[in-house]
Amino acid sequence: MNPFHFSFSSCYFQIMFTAAELGVFDLLRESEEPLTAEAIAEGLGTSHIGMQRLLEACVGLKLLRMEMRDNKGFYGNTALADLYLAKSSPKSQYSDMKFDSELYYPSFQYLADAVREGKNQITSIYESPMKDFFQAIYRSEEGIQLYFGALKNSWILYCREMISEFDLSQFHHICDLGGGSGIFAEEHILSYPNSSVTIFDLPEVVEKAKKNFVALEESQISFQGGDFFKDSVPEADLYILSRILHLWDDEKCMQLLTKLYKACKPGGGVLVIEPVLDEERVKYFGAHFASIKLLVHTDGKTRTPSEHKALLTAAGFKEIQAKHGSVYGALLGRK
């Protein structure tokens with residue numbers, strides 16, 4: 001990247017998100033042909049001059065394509081915009097971008113404080129006594145829906161890949177801890193139709209999830225409310241921790257993993273799915289970016305495969321296998 005461009009990197013995201021939020025990519029996705037800036041502005045109820053500049057910036061970022069006809073520019077989506085940026089696309093990442101735009105990026109103003117102090121900045125971000133990231137998110141139904149939407153977007157792209165990293169056919173009853181969105185459970189049932197999944201999450205999350213959840217087979221997916229640090233967890237052949245351990249420090253992770261080992265049936269196991277650093281800690285920028293977000297919002301961190309294995313081993317799990325997908329890592333430990 002040209003060093004000159006670094007100062008604009010946050011602006012790049014905001015241009016992309018603004019176009020998605022205003023509906024530019026959806027309008028062009030639905031259109032059977034490219035449209036002029038005037039037609040797009042009229043269709044979306046914006047100013048012509050503002051839309052013209054936004055469209056030109058999107059062309060510069062290769063999110064849109066433009067062709068000239070009779071000295072007029074006509075705009076259309078690129079394949080990337082059609083697939084990932086239009087809200088109407090089955091693989092849309094709009095909710096994930098909205099979550100980042102409303103939660104993560106504004107809070108980065110506290111990053112320097114987090115680095116200086118080595119602790120999260122939740123109290124400063126929300127100007128309240130709250131010290132827990134999820135307490136802040138779950139305080140409103142809008143927050144829960146925003147978080148679930150972001151999770152859904154992410155798992156649409158990577159869930160099946162993660163589930164297919166290991167043969168899980170020998171595990172018939174699954175407990176998905178913190179899986180309130182239900183996305184992972186649905187994908188697991190699709191991959192292993194003879195299995196059943198219990199989603200274990202906080203009562204307020206379960207209550208909201210039940211209202212919006214449409215399971216393929218209701219008998220195969222059930223919900224149970226509780227706090228997995230304080231309450232007993234359901235019996236299961238396999239416990240799934242998808243994007244859970246990175247939210248907590250080593251002590252809390254050990255507490256949870258030890259609890260799962262004791263609850264786990266002989267021959268059962270735990271499947272951990274996380275953004276994972278490489279052992280040299282120089283690759284996988286996504287995992288480093290996740291680590292920075294965690295520093296600002298939680299007491300957790302991203303870990304290397306060996307660090308995950310050490311936690312699983314200390315909790316009692318054996319035969320630990322580790323694999324790395326395109327974005328996330330997966331580890332399977334057995335009792």
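Only heavy atoms go into these numbers, but all of them, side chains included; no hydrogens, no water, no symmetry mates. This one's a predicted model, so the numbers in the text were calculated from it and none came from an experiment.
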Is any side-chain heavy atom of [Y] closer than 4.5 Å to one of [X]?
{"X": "Leu295", "Y": "Leu111", "answer": "yes"}
{"X": "Tyr239", "Y": "Cys264", "answer": "yes"}
{"X": "Tyr84", "Y": "Ser89", "answer": "no"}
{"X": "Ile163", "Y": "Phe184", "answer": "yes"}
{"X": "Phe74", "Y": "Glu33", "answer": "no"}
{"X": "Arg160", "Y": "Leu190", "answer": "yes"}
{"X": "Ile199", "Y": "Val206", "answer": "no"}
{"X": "Arg65", "Y": "Pro34", "answer": "yes"}

N/O donor to acceptor pairs below 3.5 angstrom from side-chain atoms of residues 48-57, sequence neighbours left out:
residue	atom	partner	partner atom	Å
Gln52	NE2	Glu56	OE2	3.0
Gln52	NE2	Tyr75	OH	3.0

I'd like to know if the side chain of [X] reaches the main chain of [Y], judged simply by a donor and an acceptor atom lying under 3.5 Å from each other, with no hydrogens or angles considered.
{"X": "Thr78", "Y": "Leu63", "answer": "yes"}
{"X": "His246", "Y": "Ser291", "answer": "no"}
{"X": "Gln224", "Y": "Thr198", "answer": "no"}
{"X": "Ser92", "Y": "Ala86", "answer": "yes"}
{"X": "Gln220", "Y": "Val197", "answer": "no"}
{"X": "Lys259", "Y": "Asp231", "answer": "yes"}
{"X": "Lys152", "Y": "Gly182", "answer": "no"}

Enclosure of [X] [atom1] (heavy-atom neighbours >12, cutoff 6.0 Å):
{"X": "Gln170", "atom1": "CD", "answer": "yes"}
{"X": "Glu67", "atom1": "CD", "answer": "yes"}
{"X": "Glu204", "atom1": "CD", "answer": "yes"}

Output the distance between atom [atom1] ([X]) and atom [atom2] ([Y]), rounded to the nearest 0.5 Å.
{"X": "Phe148", "Y": "Asn153", "atom1": "CZ", "atom2": "CG", "value": "14.0 Å"}
{"X": "Asp82", "Y": "Asp26", "atom1": "CG", "atom2": "CG", "value": "9.5 Å"}
{"X": "Thr304", "Y": "Asp278", "atom1": "OG1", "atom2": "CG", "value": "8.5 Å"}
{"X": "Thr313", "Y": "His308", "atom1": "OG1", "atom2": "NE2", "value": "12.5 Å"}
{"X": "Leu146", "Y": "Glu102", "atom1": "CG", "atom2": "CD", "value": "5.5 Å"}
{"X": "Met97", "Y": "Glu21", "atom1": "CE", "atom2": "CD", "value": "9.5 Å"}

How far apart are the closest heavy atoms of [X] and [Y], and which atoms are they?
{"X": "Gly178", "Y": "Asp201", "value": "C-OD2, 3.2 Å"}
{"X": "Ile320", "Y": "Gly333", "value": "CG1-CA, 4.1 Å"}
{"X": "Gly73", "Y": "Met66", "value": "CA-SD, 3.7 Å"}
{"X": "Ser196", "Y": "His173", "value": "OG-ND1, 2.6 Å"}
{"X": "Ser164", "Y": "Glu161", "value": "OG-O, 2.9 Å"}
{"X": "Ala330", "Y": "Leu271", "value": "CB-CD1, 4.5 Å"}

Say whether Ser107 and Gln121, considering side chains only, have a donor N or O and an acceptor N or O under 3.5 Å apart.
->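 The answer is no; no qualifying pair exists.
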Is the closest side-chain donor-acceptor distance between Asp96 and Ser154 under 3.5 Å?
->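 Distance-only check fails for Asp96 and Ser154.
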I would like to know whether Phe171 and Ser195 meet side-chain contact (heavy atoms from CB on, under 4.5 Å); could you show each step before the answer?
-> CA-CA 7 Å; Phe171 302 114; Ser195 66; over 6 Å; no
Check ring pair (Phe, Tyr, Trp, His ring centres under 6.0 Å) between Tyr110 and all other residues, then give those that pass, not counting sequence neighbours.
->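 Checked Tyr110 against ring pair (Phe, Tyr, Trp, His ring centres under 6.0 Å); zero matches.
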Among the clusters formed by ILVMFWY side chains lying less than 4.5 Å apart, do [X] and [Y] turn up in the same one?
{"X": "Leu256", "Y": "Trp248", "answer": "yes"}
{"X": "Phe17", "Y": "Leu151", "answer": "yes"}
{"X": "Val276", "Y": "Ile240", "answer": "no"}
{"X": "Tyr147", "Y": "Leu241", "answer": "yes"}
{"X": "Tyr328", "Y": "Leu277", "answer": "no"}

Going by the angle between their ring planes, with limits at 30° and 60°, are Phe289 and Phe108 parallel, tilted or perpendicular?
-> perpendicular
Verdict with supporting geometry, Ile273 and Glu165, side-chain contact (heavy atoms from CB on, under 4.5 Å) | CA-CA 10 Å; Ile273 298 172; Glu165 289 290 351; over 6 Å; no
Check whether the ring centres of Phe200 and Phe223 lie less than 6.0 Å apart, and answer yes or no.
-> no
Worked verdict on Leu332 versus Val270 for side-chain contact (heavy atoms from CB on, under 4.5 Å) = CA-CA 6 Å; Leu332 178 65; Val270 61; over 6 Å; no
For Lys265, salt bridge (Lys or Arg N to Asp or Glu O under 4.0 Å) partners two or more places apart = Asp237
Check the pair Asn120, Ile125 against side-chain contact (heavy atoms from CB on, under 4.5 Å), reporting the backbone distance first and the verdict last.
-> CA-CA 9 Å; Asn120 75 63; Ile125 293 169; over 6 Å; no
Charged N-O contact under 4.0 Å between Asp249 and Lys252 =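 No, no charged N to carboxylate O under 4.0 Å.
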